[in-house]
Enquirer: 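Once you've had a glance at the structure underneath, I'll fire off some questions.
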Amino acid sequence: MAKNKNNQAIWNTRIKKKTSKLFEKVGSSIDIDKRLYKEDIAGSIAHVEMLFKQKIISFKIKNKIIYGLQKIEKEILKNNFEFNQEYEDIHMNIEKKLFQIIGEEAGYVHTARSRNDQVVTDFKMWIKSSTQEVNDYLEKIIKSSLKLAEKNIETIMPGFTHLKNAQPISLAHYFMAYVEIFKRDKRRFLYNIKSLNECPLGVAALSGTSFNIDRHYTSKKLGFSEPTKNSIDTVSDRDFVLDFLFSVSVCSMHISRIAEELIIWNSDGFNLIHLSDKILTGSSIMPQKKNPDQLEYLRGKSGLAFGNLFSMLTILKGLPLSYFKDMQDDKEIIFKSYDTLINCLKILNEILKNISPNKKRMLELADTGFITATDLADYLVKNCSMSFRKAYQKTAEIVNLAEKKNKKLKDLKIEELKKIEPKLSSEVLKVFDLKNSINSKKSYGGTSFENIKKMIMKHKTTK
Ligand code: ARG
């Protein structure tokens, strides 16, 4: 329960009985929202500067309040601040402390504002700076992926669809796919920042205020592009929370997909990559084991992110407009999603720095499963004047023949091929070469070595 300097609830004139201990405990959010202290103090400083500019409070009171707030910030930074459950949340903890430091004049800080606008302001500011943090980590992953791509332009592997050998590709093409994925994630997070960039401060409880405040001034001071336009919407809106949770979910889903991919590649059946011992764990009973636990951790954590998104959607569903206590959980949910994502990003980056391809095995696997069949079909279209569907059917016949004879496509004799398509000459044999196949994929975005080199350059020179 929030209390004034006499250790009584701020609302004790109206609410005469002491809050039950149980509710005091469950109703308090200070253990969670103390993370917003910096934003809360910055918001209060901007607010009192505005109140002074608008002649609502005196120069002396403004300075006293700012002095007190800065002192509180230093105490919190030095771990000298005692957060108190009795004062419910970060806003009341700071206000209460302000009374202790500067006395009764602290009472002016809450002129023309409410915790309802205060909390959304703090929260939006926190999301802005945390988004920057997320994007910094995403940038590191993009760099690591680019490095892996650069090192593996000529590393040939099978590209899969349905996890069956499909067409040969460069391993770098895979890592460049990660670059695209994480750049998209970055943009999604940045887009959220644009859409939450209206400042809530000053809408007060829900209807605005009778004081002659300047919301444009506080908005600018706090780095927002403009003030919000409707006071009821402002205190009710948590769309920006959902946007953030959605972006975390999408990013976690991407991490989970990559983790699963690497788990498959690392499995004994595939054996396409090697993971350094640094990122592996052992078994308590099987002495030979080296398990990719960290990748499994990444794969699993997306569940938490999706759950949090759904929790928040469920809390908001059916909630009438304006402020309700239901919304207080938004911070715990977002902090959990954020902390987990940051952990996952750090782990993924560490993993990317500690994997190496098993090039021999990649090439071996790429050379199975009639993987250049599409190249043969394309060749037939280009050189034997037939439609793609016709060429597809002829190629399928050739694949059937190779399978029956237990041969690879490249090991079929030209005479055998000619029986199926008489127009073929021995020139066709080059299409079965894996490198040739990869380098023929010169279409924009395709896997040819030249394309990849250009894409790496492009990404290295643009943000
Ligand atoms: N700690 C509260 C929250 O996070 C701040 C807003 C409180 N407003 C109120 N009317 N009780 O939701």
Side-chain angles (χ1 to χ4, degrees), residues 1-4 8-15 17-20 22-44 47 69 72 76 81 83-98 109-128 130 196 199-209 218 222 228 231-242 244-245 308 311-339:
M1 178 60 52
K3 297 179 176 186
N4 68 10
Q8 286 176 330
I10 276 172
W11 41 75
N12 82 319
T13 316
R14 179 79 182 129
I15 296 181
K17 288 198 175 138
K18 221 172 155 345
T19 312
S20 83
L22 177 62
F23 185 71
E24 184 173 293
K25 192 160 173 263
V26 299
S28 157
S29 60
I30 186 62
D31 290 344
I32 309 285
D33 60 26
K34 63 184 176 195
R35 279 174 79 157
L36 296 176
Y37 79 90
K38 243 192 210 140
E39 290 78 8
D40 200 70
I41 289 171
S44 292
H47 185 65
L69 289 169
I72 291 170
I76 298 176
F81 189 94
F83 292 103
N84 195 334
Q85 269 213 355
E86 281 182 57
Y87 310 132
E88 210 172 291
D89 57 23
I90 185 64
H91 325 294
M92 287 307 199
N93 266 266
I94 289 178
E95 189 176 322
K96 165 80 181 160
K97 186 73 183 176
L98 196 60
V109 72
H110 213 57
T111 316
R113 76 170 188 194
S114 152
R115 281 187 299 165
N116 296 354
D117 56 339
Q118 211 182 338
V119 72
V120 202
T121 307
D122 294 0
F123 206 17
K124 281 187 169 185
M125 283 164 68
W126 183 87
I127 289 181
K128 277 186 175 192
S130 302
L196 66 64
C199 184
L201 198 59
V203 304
L206 83 160
S207 65
T209 173
T218 36
L222 295 173
T228 52
S231 53
I232 298 180
D233 174 54
T234 304
V235 292
S236 319
D237 171 33
R238 293 296 183 275
D239 293 359
F240 62 95
V241 175
L242 293 172
F244 187 82
L245 292 172
N308 286 346
S311 296
M312 198 63 220
L313 280 167
T314 312
I315 287 169
L316 293 172
K317 178 193 169 294
L319 203 63
L321 290 190
S322 158
Y323 178 82
F324 291 91
K325 186 86 169 174
D326 311 43
M327 296 196 283
Q328 180 163 285
D329 274 339
D330 56 1
K331 285 166 292 298
E332 183 169 12
I333 289 172
I334 249 190
F335 292 156
K336 272 195 185 151
S337 278
Y338 167 79
D339 290 341

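Bear in mind the structure is a predicted one, so any value in this text is a computation, not a measurement. All heavy atoms count here, side chains included; hydrogens, waters and symmetry mates do not. All ligand and atom numbering here is 1-based and tracks the order in the structure.
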Enquirer: Dump the intermediate steps for salt bridge (Lys or Arg N to Asp or Glu O under 4.0 Å) on K331 and D33, then the final yes or no.
Expert: CA-CA 7 Å; K331 285 166 292 298; D33 60 26; 5.4 Å; no
Enquirer: What is the minimum heavy-atom distance between M125 and A42, and which atoms define it?
Expert: CE-CB, 4.0 Å
Enquirer: Using heavy atoms and a 4.0 Å limit, tell me yes or no: is K325 in contact with ligand 1?
Expert: no
Enquirer: Kindly determine whether R115 and E88 satisfy salt bridge (Lys or Arg N to Asp or Glu O under 4.0 Å), including the steps that lead there.
Expert: CA-CA 12 Å; R115 281 187 299 165; E88 210 172 291; 3.0 Å; yes
Enquirer: Tell me: protein heavy atom nearest atom 8 (N) of ligand 1, and distance?
Expert: N116 OD1, 2.8 Å
Enquirer: Please check if atom NZ in K17 has more than 12 non-hydrogen atoms from other residues, nucleotides or ligands closer than 6.0 Å.
Expert: no
Enquirer: Is any N or O atom of H91, backbone or side chain, closer than 3.5 Å to an N or O atom of ligand 1?
Expert: no
Enquirer: Would you say E88 and ligand 1 have an N/O pair spaced under 3.5 Å apart?
Expert: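 Among all N and O atoms of E88, none is under 3.5 Å from an N or O of ligand 1.
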Enquirer: Going by the atom numbers of ligand 1, which of them fall below 4.0 Å from some non-hydrogen atom of S29?
Expert: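 Contacts of ligand 1 toward S29, numbered from 1: 1 (N).
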Enquirer: Where's the contact between K331 and ligand 1, heavy-atom distance under 4.0 Å: side chain, backbone, both or neither?
Expert: side chain
Enquirer: Are more than 12 heavy atoms from other residues, nucleotides or ligands located less than 6.0 Å from atom NZ of K336?
Expert: no
Enquirer: What protein heavy atom lies closest to atom 11 (N) of ligand 1? Include the residue and the distance to one decimal.
Expert: R115 NH2, 3.3 Å
Enquirer: What atoms in ligand 1 come closer than 4.0 Å to a heavy atom of D89?
Expert: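 Checking each atom against D89, I get 1 (N), 2 (C), 5 (C).
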Enquirer: Please report the shortest heavy-atom distance between G43 and L201, naming the atom on each side.
Expert: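 The answer is O-CD2, 3.7 Å.
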Enquirer: How close does the nearest protein non-hydrogen atom get to atom 3 (C) of ligand 1, and which residue and atom is it?
Expert: Y323 OH, 3.3 Å
